[in-house]
Amino acid sequence: MRIAPAMLAGRVVAATLLIFASLITSSFALPQLALASAAPAQCTKWSSTTQPPITIKVYRVSEGKVDTVDFKDYVMRVVSREWNVKQAALRQAGAVAVKQYAWFHVLHYRGGMYNGNCFDVKDTTADQLYAAKSISGLPRAVKNAVNNTWSWTMHRDGKLPMTGYRRGDNVGCAANAGYRLFVRSARKCADQGWSAQRILEKYYSATLVQ
């Protein structure tokens with residue numbers, strides 16, 4: 001049986017298309033598999049929204065390494081650097097903000113990697129200022145603020161919101177409240193006698209669960 005040139009051309013074209021389709025599929029599938037294996041879905045394995053993590057992985061930017069740190073020690077060290085203020089209510093509010101900010105980023109991994117090691121947060125102003133100081137040497141007021149609020153969590157729409165905070169503008173008490181805790185205005189609230197609970201709920205538009 002003779003094969004007409006048109007039939008042969010059709011078979012060649014079909015075979016070529018199959019090979020081309022296979023090459024396209026392979027060229028895109030392989031990098032995706034490699035990418036999926038390189039980037040874990042979560043760095044510190046933790047899923048609870050009622051109990052804080054046990055540890056957290058911190059990228060020490062200047063030191064060029066990733067440390068696995070006891071979570072409560074991490075919170076105390078950050079509070080010591082960022083919320084060692086004289087107003088007790090504001091110090092407690094800051095302790096909750098620090099804890100839940102770090103907790104949120106353990107639950108919601110952003111894909112941070114350094115030298116093949118994943119991390120949840122950086123030790124710079126990109127996240128929270130952290131230094132590996134001795135816990136015993138931290139101010140008693142800081143340790144009390146963390147310990148006394150350790151069971152507190154902020155809830156909004158049934159979820160743990162990300163509790164960001166900034167220095168903020170020099171405005172009146174709660175004038176810029178709503179989604180972040182701003183130190184300069186919240187300090188005025190604390191000076192007016194606001195409790196930590198009132199500060200947190202007002203500034204984050206959320207409910208505090210103790």
Side-chain angles (χ1 to χ4, degrees), residues 40 42-110 112-154 160 162-168 180-184 186-187 190-191 195-197 199-200 203-204 208-210:
Q42 197 172 23
C43 186
T44 297
K45 304 300 181 185
W46 196 257
S47 60
S48 177
T49 57
T50 58
Q51 295 296 322
I54 305 300
T55 61
I56 186 170
K57 292 185 179 180
V58 184
Y59 174 27
R60 313 296 309 284
V61 176
S62 296
E63 290 84 350
K65 61 178 182 177
V66 175
D67 284 346
T68 299
V69 182
D70 177 271
F71 187 75
K72 195 170 189 179
D73 288 353
Y74 169 83
V75 172
M76 285 190 175
R77 287 164 176 156
V78 173
V79 173
S80 179
R81 294 201 63 183
E82 298 194 338
W83 290 97
N84 189 17
V85 296
K86 69 176 184 179
Q87 296 88 350
L90 184 57
R91 189 166 56 248
Q92 287 186 326
V96 175
V98 167
K99 178 187 67 177
Q100 191 155 319
Y101 178 94
W103 186 353
F104 178 91
H105 287 300
V106 168
L107 295 175
H108 303 276
Y109 176 52
R110 293 167 289 176
M113 297 287 291
Y114 175 76
N115 200 25
N117 297 307
C118 69
F119 61 86
D120 301 301
V121 292
K122 296 180 179 180
D123 66 352
T124 67
T125 55
D127 283 311
Q128 301 181 120
L129 294 176
Y130 169 86
K133 295 183 177 180
S134 168
I135 298 300
S136 62
L138 299 181
R140 182 179 297 274
V142 166
K143 290 187 280 189
N144 286 342
V146 174
N147 286 326
N148 293 339
T149 61
W150 195 245
S151 64
W152 297 14
T153 52
M154 301 299 301
L160 294 180
M162 196 274 283
T163 49
Y165 52 89
R166 293 287 186 273
R167 182 170 182 262
R180 281 181 179 167
L181 179 56
F182 293 104
V183 180
R184 297 175 78 184
R187 181 182 287 116
D191 287 338
S195 66
Q197 177 176 350
I199 291 171
L200 287 165
Y203 274 82
Y204 289 118
L208 179 69
V209 177
Q210 300 186 34

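No hydrogens, no waters, no symmetry mates; every other heavy atom, side chains included, goes into these values.
Enclosure of atom NZ in K122 is not indicated, since only 12 or fewer non-hydrogen atoms of other residues, nucleotides or ligands lie within 6.0 angstrom. The environment of Q42 atom CD is dense: over 12 non-hydrogen atoms of other residues, nucleotides or ligands sit within 6.0 angstrom.
Atom-to-atom distance recorded for M154:CE and L200:CG is 5.0 Å, nearest 0.5 angstrom. Atoms OH and CD1, from Y130 and I56 in turn, are 9.5 Å apart once rounded to the nearest 0.5 Å. Taken from CZ in F119 to CE in M113, the straight-line distance is 9.0 Å, to the nearest 0.5 Å. Here CE of M76 is found 15.0 Å from NZ of K133. Values are rounded to the nearest 0.5 Å. Atom OG1 of residue T55 and atom CH2 of residue W46 lie 8.5 Å apart, to the nearest 0.5 angstrom. Distance check: K57 NZ to N117 CG gives 7.5 Å after rounding to the nearest 0.5 Å.
If you check the side chains of N115 and K65, you find no donor sitting under 3.5 Å from an acceptor. Side-chain contact check for D127 and Y101: at least one donor-acceptor pair (N or O, by modelled atom type) lies under 3.5 Å.
Using modelled atom types, one side-chain atom of E82 and one backbone atom of L129 make a donor-acceptor pair closer than 3.5 Å. Side chain of Y59 to main chain of Y114: no donor-acceptor pair is present (N/O by atom type, distance under 3.5 Å, no hydrogens or angles). Here the side chain of Y74 pairs no donor or acceptor atom with the backbone of R77 at under 3.5 angstrom. Between the side chain of W152 and the backbone N or O of A93, no donor-acceptor pair lies under 3.5 Å. Remark: the backbone N or O of V96 is not paired with any side-chain donor or acceptor of W83 at under 3.5 angstrom. Under the 3.5 Å distance criterion, the side-chain polar atoms of R110 are matched with a main-chain donor or acceptor of D120.
Contact record, L181 with Y204: CB-OH, 3.3 Å, taken as the closest heavy-atom pair. Closest non-hydrogen pair, R60 versus A131, comes out as NH2-CA, 4.2 Å. Shortest non-hydrogen contact noted between A95 and V75 is O-CG1, 4.2 Å. Across every non-hydrogen atom of V121 and H105, the tightest pair is CG1-CB, 4.2 Å. The two residues R187 and V85 make their nearest non-hydrogen contact at NH2-CG1, 4.2 Å. A190 and Q87 make their closest contact through CB-CB, 3.8 Å (heavy atoms, listed as atom of the first residue, atom of the second, distance).
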**OP:** Run the numbers on Q197 and Q210 for side chain to side chain contact (heavy atoms under 4.5 Å, CB included), then give the verdict.
**Re:** CA-CA 9 Å; Q197 177 176 350; Q210 300 186 34; 2.9 Å; yes

**OP:** Apply the test side chain to side chain contact (heavy atoms under 4.5 Å, CB included) to residues K99 and T163: give CA-CA distance (whole Å), side-chain angles for both, the deciding distance (0.1 Å), then the verdict.
**Re:** CA-CA 9 Å; K99 178 187 67 177; T163 49; over 6 Å; no

**OP:** Run the numbers on Y165 and Y203 for side chain to side chain contact (heavy atoms under 4.5 Å, CB included), then give the verdict.
**Re:** CA-CA 10 Å; Y165 52 89; Y203 274 82; over 6 Å; no

Original post:
Step by step, would you call F182 with R180 a side chain to side chain contact (heavy atoms under 4.5 Å, CB included)?
Top reply: CA-CA 6 Å; F182 293 104; R180 281 181 179 167; 3.8 Å; yes

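For the side chain to side chain contact (heavy atoms under 4.5 Å, CB included) criterion with Q128, the lone passing option out of V78, D123, V58 is V78.
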